[in-house]
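Keep in mind that this is a model prediction, so the values were computed, not measured.
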Amino acid sequence: MAIRAGHFGSAKAREKFVAAYRAAEALYPIPWRDLEVSTSYGPTYVRSSGDGTGTPLVLIHGFQGNSLMWSPVIERLARRRTVYLPDIIGTPGRSVQTEPIVRGAEMARWLGEVLTGLELSRAHLVAFAHGGRLAGMLAGQSDIPASLTLIEPGSVLVPVRTVLLARMVLAGIRPTAGRTRRLLAHLQPGVPIAAEDAELATAATPFRMSLPYARVLADADLAAIATPTLVLCGGGTVLYDPAAAVKRARALIPNVETEVFPEVSHGLLAEVPRSAATRLLQFAALHDARRAVGA
């Protein structure tokens, strides 16, 4: 059977998602520009904010999210840099996949084409959750990434806990706003869930993704990441084992720093937005300075 590109099962489901996406845009706190980049796998939507002179940031969301998930930190990140937020091809968002993607290397190729299409010769990659898989693969084979920050990298460094996978599958079988809220509350307890976010997550569940299976990065892939790398984990996350993730990162990634935020959940960006943004911006600035002096 031929492999299809990711798509909604019906025009009605697509329309419902687009309406929810537009409503959730009201939560995005600063102005943005709409960009479109042509790639081998289809037109990619990129949201861009800020116009600072620093090396740009490229924010890669998790595979069940979209560019709007960065709303809690975008204002701080865009103060002195241009920030680009693509909707990953083949996931529920504004990008439109036209060609199937079978291998993880193709996901990295897609991201490389996006950066080239944006005319970026250098950029700091910041990836959330499974978005770190393609960012990490690209960092292992391209000179464009100036640094790599992996936030809540469950499913990238270590497997997601089986019980959580089962819970996600059950929530997606018959999606309702109530089930979505309960799942989000379990993943990020204490984080207020806006009605618009719950509706958007619910509207995204009928999307039929056609992407490679979400495997952790192999030892060889992690060892190939010469790019300076920062790993940020929530110490209270229920999604995966943060201690195991940090241990594997330190053992295999050549140039890595790690930080665990105690008692913070998978909702790290929403729980400690100031601390998370400050830490990754400091990391980016450090490596910009080192490059400037030829260190």
Would you say [Y] ends up clustered with [X] if hydrophobic residues are merged whenever their side chains have heavy atoms under 4.5 Å apart, either directly or through other cluster members?
| X | Y | value |
| --- | --- | --- |
| Val96 | Val46 | no |
| Leu150 | Leu286 | no |
| Val246 | Ile151 | no |
| Leu232 | Val191 | no |
| Val216 | Ile253 | no |

[X] [atom1] to [Y] [atom2] distance, which is reported to the nearest 0.5 Å:
| X | Y | atom1 | atom2 | value |
| --- | --- | --- | --- | --- |
| Asp143 | Ser121 | CG | OG | 10.5 Å |
| Leu217 | Leu252 | CG | CG | 10.5 Å |
| Phe17 | Phe8 | CZ | CZ | 5.0 Å |

How about [X] and [Y]: do any of their side-chain heavy atoms sit closer than 4.5 Å?
| X | Y | result |
| --- | --- | --- |
| Leu68 | Leu200 | yes |
| Arg76 | Arg274 | yes |
| Ile60 | Val126 | no |
| Thr98 | Pro43 | yes |
| Val256 | Ile225 | no |
| Glu36 | Tyr45 | no |

Determine, step by step, whether Leu59 and Leu57 satisfy the side-chain contact (heavy atoms from CB on, under 4.5 Å) criterion, reporting the C-alpha distance in whole Å, the side-chain angles of both residues, the deciding distance to 0.1 Å, and the verdict. CA-CA 6 Å; Leu59 311 185; Leu57 302 175; 4.2 Å; yes
Does the side chain of [X] pick up a donor-acceptor pair with the side chain of [Y] at under 3.5 Å?
| X | Y | answer |
| --- | --- | --- |
| Tyr41 | Glu113 | no |
| His266 | Gln188 | no |
| Ser67 | Trp32 | no |
| Glu99 | Ser40 | no |
| Arg133 | Ser155 | no |

Could you walk me through whether Arg81 and Asp288 pass salt bridge (Lys or Arg N to Asp or Glu O under 4.0 Å), step by step? CA-CA 12 Å; Arg81 300 173 186 265; Asp288 283 343; 3.0 Å; yes
Check: [Y] main-chain N/O paired with [X] side-chain donor or acceptor under 3.5 Å:
| X | Y | value |
| --- | --- | --- |
| Arg161 | Tyr240 | yes |
| Arg248 | Leu157 | yes |
| Thr278 | Ser275 | no |
| Glu271 | Ser265 | yes |
| Thr205 | Thr202 | yes |
| Ser95 | Asp87 | yes |
| His287 | Ala285 | no |
| Ser49 | Pro31 | yes |

Decide if the gap between the ring center of Tyr84 and the ring center of His124 is smaller than 6.0 angstrom.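 No - the distance between ring centres of Tyr84 and His124 does not fall below the 6.0 Å cut-off.
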Locate the shortest heavy-atom distance separating [X] from [Y]; write the atom from each residue and the value.
| X | Y | result |
| --- | --- | --- |
| Ala276 | Leu269 | CB-CD2, 4.3 Å |
| Ile144 | Leu120 | CD1-O, 3.7 Å |
| Trp110 | Ile88 | CH2-CA, 3.6 Å |
| Val58 | Ala123 | CG2-CB, 3.9 Å |
| Ser147 | Thr227 | CA-CG2, 3.4 Å |
| Leu148 | Phe283 | O-CE2, 4.0 Å |

[X] and [Y] ion-paired at < 4.0 Å:
| X | Y | answer |
| --- | --- | --- |
| Asp51 | Arg80 | no |
| Arg94 | Asp34 | yes |
| Glu106 | Arg109 | no |
| Glu257 | Arg279 | yes |

Evaluation steps, side-chain contact (heavy atoms from CB on, under 4.5 Å), between Thr258 and Arg250: CA-CA 8 Å; Thr258 63; Arg250 289 176 175 172; 2.9 Å; yes
Both conditions, 6.0 Å and 45 degrees, for the charged tip of Arg47 above the ring of Tyr28: are they met here?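 Yes.
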Please report the C-alpha distance between Arg122 and Thr55 in whole Å, then the side-chain angles of each, then the deciding distance to 0.1 Å, and finally whether the side chain to side chain donor-acceptor pair (under 3.5 Å) criterion is met. CA-CA 7 Å; Arg122 296 281 288 176; Thr55 304; over 6 Å; no
